[in-house]
Amino acid sequence: MKNIVIFGAPGAGKGTQSDFIVEHYGLTHVSTGDLLRKEIADQTDLGKRIKSIMDAGQLVSDDIVVEMMDKAIANDTKGMLFDGFPRTVAQAKTLDRLLAKYERSLTCMVQLEVPKDELMRRLLERAKIQGRADDNEVTINNRLLEYDNKTKPVAAYYAAQGKQLLIDGLGSIQDIAARIRKAIG
Ligand code: AMP
């Protein structure tokens with residue numbers, strides 16, 4: 001059973017490539033961003049608490065996403081693709097612990113590498129098409145800052161475990177998908 005993390009800055013193409021990976025390997029796709037946006041759309045207590053944090057482009061607290069992930073792993077039987085999680089080294093350590101709790105381990109981490117000017121271009125483009133509340137220039141800058149400060153160190157955590165697969169995230173969607181499949185092998 002494969003358990004894979006897809007990793008990269010906002011706009012690196014994680015969501016798009018996730019679709020190909022889950023299809024190819026028959027995995028359950030779990031996106032913390034999607035789960036959190038659903039809480040907001042459903043106006044749950046949690047949704048009300050996190051809306052302003054997400055709108056500002058900041059990370060929500062580790063406890064919130066860890067609880068969501070624990071439930072998601074407990075309910076899964078196929079193997080999972082983690083998209084948007086872990087976003088801090090603390091979350092990465094917790095993911096190892098959670099997988100062990102369910103007698104699993106992480107197969108690999110797929111890291112999409114895209115230069116910053118291209119990330120900005122893609123995010124502004126997506127803002128026009130999808131109208132996501134956090135896709136505006138101020139919020140995008142905050143999200144890229146949060147990525148640099150808190151999320152980037154997660155890459156070194158997986159590199160130290162020999163689980164990091166670096167993928168060139170520039171080019172056609174199909175080409176990038178093929179690179180990922182080849183790297184996972
Ligand atoms: P995403 O859809 O992955 O770009 O996530 C959108 C927003 O959801 C982020 O900017 C954060 O506010 C929040 N979020 C998603 N995943 C996490 C996570 N693992 N830890 C903390 N906040 C998260």
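Only heavy atoms go into these numbers, but all of them, side chains included; no hydrogens, no water, no symmetry mates.
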Hphob cluster co-occupancy, Leu165 + Leu27, side-chain heavy atoms under 4.5 angstrom: yes
Heavy-atom side-chain proximity of Ile129 to Arg126 below 4.5 angstrom: no
Residue pair Met80, Ile73: steps toward the side chain to side chain contact (heavy atoms under 4.5 Å, CB included) verdict: CA-CA 8 Å; Met80 302 183 78; Ile73 301 170; 3.7 Å; yes
Side-chain heavy atoms of Leu95 within contact of Met69, under 4.5 Å: no
From SG (Cys108) to NZ (Lys163), nearest 0.5 Å: 9.0 Å
Any donor-acceptor pair under 3.5 Å from Gln17 side chain to Ile173 backbone: yes
Spacing of CE belonging to Met68 relative to CD1 belonging to Ile64, to within rounding of 0.5 Å: 7.5 Å
Min side-chain heavy-atom separation Val110-Val5 under 4.5 Å: no
Leu145 reachable from Ile53 in the ILVMFWY side-chain graph, under 4.5 Å edges: no
Gln111 and Ile167: CA distance, side-chain angles, deciding distance, side chain to side chain contact (heavy atoms under 4.5 Å, CB included) verdict: CA-CA 6 Å; Gln111 180 171 351; Ile167 306 291; over 6 Å; no
Side chains of Leu98 and Thr94 in contact at under 4.5 Å (non-hydrogen atoms): yes
More than 12 heavy atoms from other groups under 6.0 Å of NZ on Lys2: no
Under 3.5 Å donor-acceptor, Glu146 side chain and Leu59 backbone: yes
Heavy-atom side-chain proximity of Phe20 to Ile176 below 4.5 angstrom: no
Flag, side chain of Asn3 to backbone of Thr107, donor-acceptor distance under 3.5 Å: no
Shortest non-hydrogen contact between Gly169 and Val114, atoms and distance: O-CG2, 3.6 Å
Within 6.0 angstrom of Glu103 CD, more than 12 heavy atoms from elsewhere: no
Check: Asn75 side chain, Lys71 main-chain N or O, donor-acceptor pair, under 3.5 Å: yes
Closest heavy-atom pair and its distance - Ala92, Val154: CB-CG1, 4.2 Å
From Thr88 atom OG1 to Asn149 atom CG, the distance as rounded to the nearest 0.5 Å: 12.5 Å
Val65 vs Pro86 side-chain heavy atoms within contact, under 4.5 Å: no
Audit row: Phe82, Ile6, side chain to side chain contact (heavy atoms under 4.5 Å, CB included) steps and yes/no: CA-CA 6 Å; Phe82 299 97; Ile6 182 142; over 6 Å; no
Pair Phe7-Asp83, side chain to side chain contact (heavy atoms under 4.5 Å, CB included): steps then yes or no: CA-CA 7 Å; Phe7 185 85; Asp83 167 10; over 6 Å; no
Arg143 side chain to Pro10 backbone, donor-acceptor under 3.5 Å: no
Side-chain heavy-atom pair Arg104, Met1 within 4.5 angstrom cut-off: yes
Donor-acceptor under 3.5 Å (Asn141 side chain, Glu137 main chain): yes
Short side-chain to backbone donor-acceptor contact, Arg122 and Gly11, under 3.5 Å: yes
Minimum side-chain heavy-atom gap Val60-Thr32 below 4.5 Å: no
Under 3.5 Å: donor-acceptor pair, side chain of Asp76, backbone of Lys78: yes
Linked, directly or transitively: Met120 and Tyr147 (ILVMFWY side chains, under 4.5 Å): no
Residue Asp45 excluded, over 12 heavy atoms near CG under 6.0 Å: no
Thr139 backbone acceptor or donor facing Asp134 side chain under 3.5 Å: no
Shared hydrophobic cluster for Phe85 and Leu36 (ILVMFWY, side-chain gaps under 4.5 Å): yes
Straight-line distance of Leu119 CG to Ile140 CD1, nearest 0.5 Å: 10.0 Å
Cluster link Leu81 to Ile180, ILVMFWY, side chain under 4.5 Å: yes
Within 6.0 Å of CD in Gln161, more than 12 heavy atoms from elsewhere: yes
Residues Asp70 and Tyr102: side-chain donor-acceptor under 3.5 angstrom: yes
Asp96 and Tyr157: side chain donor to acceptor below 3.5 Å: yes
Leu144 versus Ala9, closest heavy-atom pair with distance: CD2-CB, 4.5 Å
Pair Lys51 + Asp55: basic N to acidic O under 4.0 Å: yes
Derivation of the salt bridge (Lys or Arg N to Asp or Glu O under 4.0 Å) call for Lys38 and Asp34: CA-CA 6 Å; Lys38 182 161 190 313; Asp34 285 351; over 6 Å; no
Salt-bridge contact Asp117-Arg121 (side-chain N to carboxylate O under 4.0 Å): no
Over 12 foreign heavy atoms within 6.0 Å of CD, Glu113: yes
